> 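Can you keep this structure in mind? I'll have questions shortly.
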Amino acid sequence: VTDLKIGIILGSTRPGRNGAQVAQWVKDQVDLDTRAEFEVVDLADFNLPNYDEAIPASMGQYQNEHTQAFAAAIAKFDGFIILTPEYNHSISGALKNAFDFVYGEWNNKAAAIVSWGSVGGARAAEHVRLILAELQVATVRAQLMFTFANDFADFTTFSPNAGAAAAVEPMLDQLVSWSAALKSVRENAEVAA
Ligand SMILES: Cc1cc2nc3c(=O)[nH]c(=O)nc-3n(C[C@H](O)[C@H](O)[C@H](O)COP(=O)(O)O)c2cc1C
């Protein structure tokens, strides 16, 4: 039994997205691990508009109901698995917008990255690391990258390569370790505040 909660952030929102299949596969894999509870956060469910808060998110004064709902959804997690597509050599606009919308709810947590694209979404994954540094999220080294050549049939049916499932556990080892460790950073920050 654990009280560690990991959110699986599905970063593509378009109709027919491959990301939905990747999210389901990741959820099925991680659910075998008893060290944390895992929940998919589908950004499409939040219908966030383009960022529309008057006060920057880092001030933590969210005015809009959609922002408050998204903040509550992110706040409850100790760590994240960020699922990102690669659009024009970066992450989706939807995922960047979601990162921008709230701030404190991301801080002092850990994240692992899963990406897909013609070169495994590698360029998007690197951008996730840069953005999360500013959000004070520690990204673990181990990551999963899925290519159209090896992991999708006809660019649309997710059929991960034989080694993919075995790569999940080492990634979770790092994510669980850092997510647990950063809890104490958040607790100390609350004492200091
Ligand atoms: C607007 C757009 C831009 C894209 N740019 C890239 C790209 O730069 N590199 C890449 O590997 N794939 C690119 N693709 C292909 C995506 O990797 C592919 O559509 C993938 O399935 C996207 O994830 P999704 O289906 O979950 O939206 C692009 C797709 C879209 C829709």
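All values derive from a computational prediction rather than experimental measurement. Excluded from the calculations below are hydrogen atoms, water molecules and symmetry mates; all remaining heavy atoms, backbone and side chain alike, are included. Atoms within a ligand are numbered from 1 in the order they appear, just like the ligands themselves.
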> Parallel under 30°, tilted from 30 to 60°, perpendicular over 60°: which one fits the rings of F152 and F158?
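Ring orientation, 0 to 90° scale: tilted.
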
> Through direct or indirect side-chain contacts below 4.5 angstrom among Ile, Leu, Val, Met, Phe, Trp and Tyr, which residues connect to V119?
none

> If you take all heavy atoms of F46 and V41, which pair is closest and at what distance?
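Result for this residue pair: CE1-CG1, 3.6 Å.
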
> Apply ring-ring contact (aromatic ring centres under 6.0 Å, His included) to the pair F101 and F70, showing each step before the final yes or no.
CA-CA 8 Å; F101 245 105; F70 186 61; 7.1 Å; no

> Can you tell me which residues line ligand 1 if we count any heavy atom under 4.0 angstrom from one of its atoms, in chain and number order?
S12, R14, R17, N18, G19, P85, E86, Y87, N88, H89, W116, G117, S118, R123, F148

> Using a strict cut-off of less than 4.0 Å between a Lys/Arg side-chain nitrogen and an Asp/Glu carboxylate oxygen, indicate whether R129 and E126 qualify as a salt bridge.
yes

> Name the residue from K5, K76, K27 that meets the side-chain hydrogen bond (donor to acceptor under 3.5 Å, both in side chains) definition with E39.
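Of the listed residues K5, K76, K27, the side-chain hydrogen bond (donor to acceptor under 3.5 Å, both in side chains) partner of E39 is K76.
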
